[in-house]
Enquirer: 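Mind having a look at this structure? Questions to follow.
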Amino acid sequence: MAAAAAAALRRAIAPGPTLLLRRQILVRLLSTSTQRQPQPQPAATSPAELARIKNSIRSAATAPDDLAAHFLQALPHPAFLGDGPIFSLAVSRLVSAGRRDLVTSLLSTSLTALPAPHPSEGFLLRLIALYAQAGMPDHSLSTFRLVRPPTDRALSALLAAYHDAGQHDRAVKAFRDLPAELSIAPGLVSHNVLLKCMVATGDVAGARKVFDGMPDKPDIVSCNEVLRGYLKTADYPAFDQLLKDVTGSKRRLKPNVTTYNLRMAALCAKGRSFEAEELLDAMAANGVPPNRESFNTVIGGLCKEGEVDAATRLLKKMPEVPRPGGKGVLPNSETYIMLLEALVEKRTFSPALEVCRECLQNKWVPPFQAVKGLIVGLVKSRKIKHAKELGLAMKKAAKGDAKQEWEKVETAAFQLALGEAKA
């Protein structure tokens, strides 16, 4: 079936058929749902009406079929066709609702709503990415086949679609086959996506060969992909040598935030988290502001090494870090959870309680075992009141069967408290 569809598409994009016929064939191939599909309505006649339609699409209360109807109603409107974010939001909501049939209908129908003479390359690239977002890489390929003439931009979009779908081997094969078939000269971006996919398959040696033989000069993104492969395989000598080569006098590539994050991850993996922490200051001095991943990497490394005091200090330092447009890097749930688990393991219960409270204030439910250990630790430290307050807060935050588990923890903690009081 897929082969027949691909053959039909190849016939559709041959020089003979008209552009309109190509679009009609693609719509038929991509519209696979057997359900009745809503048809486009006349374009919205005023900006206010178009705004109302967009708000309906954004609303979580709008049912999938109604969302599709609103989408099709607005399709002929040029201001709607040019709104990439609203397309992405509509696809995301329909995928969450399990309605990929409607994704197919809306995106394929959008081709016929475009003004003559044909869909632009940019619009087709948007559809390739949207089908990838929906987890429909076969449809991304069908749309790629419609790009005339085939381009490297379209190839890189298709490779990215395969990568996002976890089809890394398919991306590598497409890179090897499609350029020869369609006379495409792969450029820097396509090579970078290829490197990402090869590293994901574990072929780090192959990725390094591609890196060394790239026809276009590799950039820092290319370097980062190979560095990520060396980090993944714990080949630290190769990691350090490549970093030295690309930032040295020959290539002089400027490290970006990803490069620094990878360097810090490598240092933490080798138990040198304090050196990784020093890189945070070096980044800022070199005009590369650290981001949340930078801090999470170092905090995670410090926690694994049992340096919870240093990790706690770093957490408190995050909001004061200078960044473009203001100060501060906000921690996320990962930051708090790493620190909470390490503090409980270290039996540092008062700071752990503070971290747990901040976690709950942000509506992040901490891991069961960590909080259970914290409650037990608070009871043993004679901080019964705090333990009860935390147990109550966890019961409120928990859902379903988890509430019953917290009731058991609360009962056990109360019995433990009685035993501690008698002792």
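These numbers come from a predicted model, not from an experiment.
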Enquirer: With the threshold set at 4.0 Å, does a side-chain nitrogen-carboxylate oxygen contact exist between R272 and E307?
Expert: no
Enquirer: Could you walk me through whether F211 and V246 satisfy the side chain to side chain contact (heavy atoms under 4.5 Å, CB included) test, starting with their C-alpha distance in whole Å, then the side-chain angles of each, then the deciding distance to 0.1 Å, before giving a yes or no?
Expert: CA-CA 11 Å; F211 177 86; V246 300; 4.0 Å; yes
Enquirer: With the side chain counted from C-beta on, respond yes when H191 and F175 share a heavy-atom pair under 4.5 Å apart, and no when they do not.
Expert: yes
Enquirer: Is any NZ, NE, NH1 or NH2 atom of the basic residue among K317 and D281 found under 4.0 Å from an Asp or Glu carboxylate oxygen of the other?
Expert: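 Counted as a salt bridge, because a side-chain N and a carboxylate O are separated by less than 4.0 Å.
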Enquirer: Closest heavy-atom contact between A174 and P179?
Expert: O-CD, 3.4 Å
Enquirer: Looking only at atom types and distance, does a side-chain atom of E225 sit under 3.5 Å from a main-chain N or O of V199, one as donor and one as acceptor?
Expert: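 Side chain of E225 to backbone of V199: no pair is present.
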Enquirer: Determine the minimum heavy-atom distance between L106 and F71, stating which atoms define it.
Expert: CD1-CG, 3.7 Å
Enquirer: Which atom names give the shortest non-hydrogen contact between C268 and E305, and what distance separates them?
Expert: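 Looking at all heavy atoms of both residues, the closest pair is O-OE2, 4.2 Å.
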Enquirer: Below 4.5 Å, heavy atoms only, C-beta onward: do E275 and S273 meet side chain to side chain?
Expert: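 The answer is no; the side chains never approach within 4.5 Å.
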Enquirer: I'd like to know if E49 and R52 make a salt bridge, using a cut-off of under 4.0 Å between side-chain N and carboxylate O.
Expert: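 Judged by the 4.0 Å cut-off on N to carboxylate O distance, E49 and R52 do form a salt bridge.
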Enquirer: Which heavy atom of L314 sits nearest a heavy atom of L302, and at what distance?
Expert: CD2-CD1, 4.2 Å
Enquirer: Quick one: pull up CZ in F123 and OG in S110 and give me the separation to the nearest 0.5 Å.
Expert: 3.5 Å
Enquirer: Minimum heavy-atom separation for M283 and V257, please, with both atom names.
Expert: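 That would be CE-CG2, 3.7 Å.
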Enquirer: State, yes or no, whether a side-chain contact exists between Q133 and S88 at a heavy-atom distance under 4.5 Å.
Expert: yes
Enquirer: Any non-hydrogen side-chain atom of V371 less than 4.5 Å from a side-chain atom of L340?
Expert: yes
Enquirer: Going by heavy atoms in the side chains, are V204 and K232 under 4.5 Å from each other?
Expert: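 No - every pair of side-chain heavy atoms lies 4.5 Å or more apart.
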Enquirer: Thinking salt bridges, do E354 and R357 make one under a 4.0 Å N-O criterion?
Expert: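 Result for this pair is no, no salt bridge flagged.
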Enquirer: Are I337 and W364 side-chain neighbours, meaning at least one heavy-atom pair lies under 4.5 Å?
Expert: no
Enquirer: Counting distance only, does the side-chain N/O of T62 pair as donor-acceptor with the main-chain N or O of S56 below 3.5 Å?
Expert: yes
Enquirer: Starting from the C-alpha separation in whole Å, work towards a yes-or-no answer on side chain to side chain contact (heavy atoms under 4.5 Å, CB included) for V210 and V226.
Expert: CA-CA 10 Å; V210 169; V226 182; over 6 Å; no
Enquirer: So, for F349 and H386, is the gap between ring centers shorter than 6.0 Å?
Expert: no
Enquirer: Between CG of L231 and CG of N261, what distance do you get to the nearest 0.5 Å?
Expert: 11.0 Å
Enquirer: Do the numbers put K270 on top of the ring of Y236, so that NZ or CZ is under 6.0 Å from the six-membered ring centre and no more than 45° off the axis?
Expert: yes
Enquirer: Ion pair present between K173 and D169, side-chain N to carboxylate O less than 4.0 angstrom?
Expert: no
Enquirer: Do L339 and T312 make a side-chain contact, defined as non-hydrogen atoms from C-beta onward lying under 4.5 Å apart?
Expert: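 A side-chain contact exists here, since the closest heavy-atom pair is under 4.5 Å.
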Enquirer: Roughly how far apart are I57 CD1 and I86 CD1, rounded to 0.5 Å?
Expert: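 Those atoms lie 5.0 Å apart.
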Enquirer: Working note: L125 + F144, criterion side chain to side chain contact (heavy atoms under 4.5 Å, CB included); need CA distance, chi angles, decisive distance, verdict.
Expert: CA-CA 8 Å; L125 296 188; F144 164 82; over 6 Å; no
Enquirer: Measure the shortest side-chain to side-chain distance between M214 and N192 over non-hydrogen atoms and say whether it is less than 4.5 angstrom.
Expert: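 Yes. Closest side-chain heavy atoms under 4.5 Å.
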Enquirer: Closer than 4.0 angstrom, basic N to acidic O: yes or no for D177 and R170?
Expert: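 No, this pair does not count.
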